[in-house]
Amino acid sequence: MDNLPIHRRNFKILEKQCLDLFSIVVIDDKSLDQPNATYSALIYGIAPLIESLAKDLHKELAPQFPNFPQFKPKEKFDFDALSFLDKALGLSQKQVTVTSDLVAISDANRVLTPLVGAHEKNPAKHPRWSRVYQSYKHDQANTLNQCPANMPTARSLLEAIGAAFLLLAVARSLPIDIPKPFIKFDFTFGSELFAATYNRVFFTRFISPLGTDCLQLASDWTKHLFVVKDPEQYIKDLKAAEEQENRRLLTKALDENPTFKDFYNSLSTQRKDFAKIVQLYGEKYPDDIEWSNKQILLTFSHYTRYISAWANGEHYLLSRFGFDPMVALNYKKAEELYDYAKLNQDENEPDANQQSQQS
């Protein structure tokens, strides 16, 4: 984006003005929603930055989303650009977190959804910061004598500068389809006031077929601005390792456990998935403690190591092998987060691209 350095500069100036105010005026849970005309001048300065960022993002991203309304040089700030960004990236539902201790509010109030309603055609649905700005922009004389109900609050000021931060975070993450290594990613983007939200996507199993039913997603995962996911090759390697271990355990079970062997031979070929076999065997022979334990170990062994690598912060070690989690803008559906056909492909099987080239 050509104007990105200017946007970054303008945001830092406005953020500093907000921080200077918060160092003088105490913002806590009690005062968060109290009308205060003091905040108006800051919102009047922040809203044009939101407008400019939204338009530049629309211009930059429009070619990648040809089915959505394309950029027009004279488009309306209060609808066209933000409407496009909501359709393309779902930004009206994305959240940011207030991190500065100068704002003495509870954790529940630190999570903001600053663009909710900003793209709506109906002005009544716009966030308060937008209504304050539009009122001043179109009716300045009467705005200066506004009633308390139309005055900004500390929350609306935080949401305004939070909206600018959110859009700037998107702008600094372009191009949108090139994920960045988690180990090098700064979710504050240098801000002293905010951090972007993210959701870590985990796999819950590594047995084929892999699909969206294998993903562990938070109930509110679509509200996070970024998603952190594993490289596909890492998941393929974990899948191959578990399948190899399954084959070893199956061979061992057939050699050492006659009851298991008879049970195995009685199954149809369609049901000869080792994890399922162990489960069925455990249900039929619950007194066979050894194999009941094997079922538990089979379920948790690879998964535990996988989760531990993240929980223990082993990102530097993972990055040495090219397996460090990657950060991407969170705008895709669950079924689009991974190429599941590639994940389920055997290592010795050529992919569809290779087959088409050979033919």
Side-chain angles (χ1 to χ4, degrees), residues 3-57 77-78 82 85 91-92 94-118 126-137 140 143-144 146 148 150-173 186-197 225:
N3 294 327
L4 183 57
I6 298 298
H7 291 317
R8 292 177 63 174
R9 176 185 181 275
N10 290 340
F11 175 80
K12 291 302 292 184
I13 291 172
L14 291 165
E15 181 186 55
K16 184 179 184 303
Q17 291 174 0
C18 290
L19 291 170
D20 289 344
L21 176 65
F22 298 153
S23 68
I24 299 171
V25 179
V26 177
I27 306 299
D28 56 17
D29 289 341
K30 293 181 180 179
S31 63
L32 192 58
D33 293 308
Q34 292 179 356
N36 190 330
T38 305
Y39 309 135
S40 297
L42 277 171
I43 290 180
Y44 300 158
I46 295 168
L49 174 59
I50 298 172
E51 176 180 6
S52 184
L53 274 165
K55 287 183 175 180
D56 279 356
L57 282 171
F77 150 66
D78 55 358
L82 291 175
L85 292 173
L91 294 191
S92 71
K94 301 307 182 189
Q95 298 175 331
V96 298
T97 303
V98 179
T99 58
S100 174
D101 289 337
L102 288 176
V103 184
I105 55 178
S106 62
D107 290 345
N109 281 323
R110 287 182 177 275
V111 180
L112 305 177
T113 312
L115 287 174
V116 63
H126 291 176
R128 192 166 188 155
W129 61 261
S130 180
R131 296 198 305 272
V132 168
Y133 172 66
Q134 294 296 335
S135 177
Y136 175 78
K137 182 178 178 181
Q140 183 174 348
T143 299
L144 295 177
Q146 57 189 318
N150 296 323
M151 287 184 185
T153 62
R155 187 190 298 275
S156 61
L157 174 58
L158 284 169
E159 289 177 344
I161 191 67
F165 169 78
L166 190 156
L167 293 172
L168 185 62
V170 174
R172 293 185 62 180
S173 301
D186 177 12
F187 288 94
T188 72
F189 294 89
S191 171
E192 299 176 54
L193 187 52
F194 294 104
T197 54
L225 185 56

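Worth knowing before you read on, the calculation uses all heavy atoms, side chains too, and leaves out hydrogens, waters and symmetry mates.
- Atom CG of Leu225 is separated from atom CG of Leu91 by 7.0 Å, given to the nearest 0.5 angstrom.
- Taking every heavy atom of both residues into account, Phe189 and Ser173 meet most closely at CZ-OG, 3.7 Å.
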Between Leu115 and Leu167, does a side chain to side chain contact (heavy atoms under 4.5 Å, CB included) hold up when you go through it step by step?
-> CA-CA 9 Å; Leu115 287 174; Leu167 293 172; 4.0 Å; yes

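- Between Thr113 and Lys94 there is no side-chain heavy-atom pair separated by less than 4.5 Å.
- When every heavy atom of Pro114 is checked against every heavy atom of Leu166, the shortest pair comes out as CG-CD1, 4.0 Å.
- By the 6.0 Å contact criterion, NZ on Lys16 is open, its count of non-hydrogen atoms from other residues, nucleotides or ligands being 12 or less.
- Rounded to the nearest 0.5 angstrom, Asn3 CG and Arg9 CZ are separated by 13.0 Å.
- When side chains are defined from C-beta on, His7 counts as touching Ser52, because their heavy atoms get closer than 4.5 Å.
- Atoms CD1 and NZ, on Ile50 and Lys55 in that order, are 13.5 Å from each other to the nearest 0.5 Å.
- Taking CG of Asp107 as the reference point, atom OG1 of Thr97 lies at 9.5 Å (rounded to 0.5 Å).
- Once rounded to the nearest 0.5 Å, the distance linking CD of Glu15 with CZ of Phe165 reads 8.5 Å.
- Asn36 places none of its side-chain heavy atoms less than 4.5 Å from the side chain of Pro152.
- Closest approach of Pro127 to Gly117, counting heavy atoms only: CD-C, 3.8 Å.
- You'll find the side chain of Tyr133 reaches within 4.5 Å of the side chain of Pro48, heavy atoms only.
- A salt bridge does not link Arg155 with Glu159: every distance from a Lys NZ or Arg NE/NH1/NH2 to an Asp or Glu carboxylate oxygen is 4.0 Å or more.
- Heavy-atom neighbours of Arg172 CZ from other residues, nucleotides or ligands within 6.0 Å: above the threshold of 12.
- Side-chain contact check for Leu112 versus Gln95: every heavy-atom pair is 4.5 Å or farther apart.
- Proximity of Asn109 to Ser106: side-chain heavy atoms (C-beta onward) are separated by under 4.5 Å at one or more points.
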Test side chain to side chain contact (heavy atoms under 4.5 Å, CB included) on Phe11 and Ser191 and set out the steps.
-> CA-CA 9 Å; Phe11 175 80; Ser191 171; 4.2 Å; yes

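- Put simply, the side chain of Leu193 reaches to within 4.5 Å of the side chain of Leu19, judged on heavy atoms.
- Note: Asn10 CG to Ile46 CD1 = 11.5 Å, rounded to the nearest 0.5 Å.
- Of all heavy-atom pairs between Ile43 and Ala160, the closest is CG1-CB, 4.3 Å.
- At a threshold of 4.5 Å between non-hydrogen side-chain atoms, the residues Leu158 and Trp129 do not count as touching.
- Here the closest heavy-atom approach between residue Leu57 and residue Ala171 is recorded as CD2-CA, 3.8 Å.
- A donor-acceptor pair is defined here as one N or O able to donate and one able to accept, closer than 3.5 Å; no such pair exists between the side chain of Arg128 and the backbone of Leu157.
- By the 6.0 Å contact criterion, CD1 on Ile13 is enclosed, its count of non-hydrogen atoms from other residues, nucleotides or ligands being greater than 12.
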Given Val132 and Met151, is the side chain to side chain contact (heavy atoms under 4.5 Å, CB included) satisfied, shown in steps?
-> CA-CA 7 Å; Val132 168; Met151 287 184 185; over 6 Å; no

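- For the residue pair Ser31 / Asp28, a side-chain donor-acceptor distance below 3.5 Å is found, with atom types taken as modelled.
- When all heavy atoms of Gly190 and Lys12 are compared, the closest pair comes out as O-NZ, 3.1 Å.
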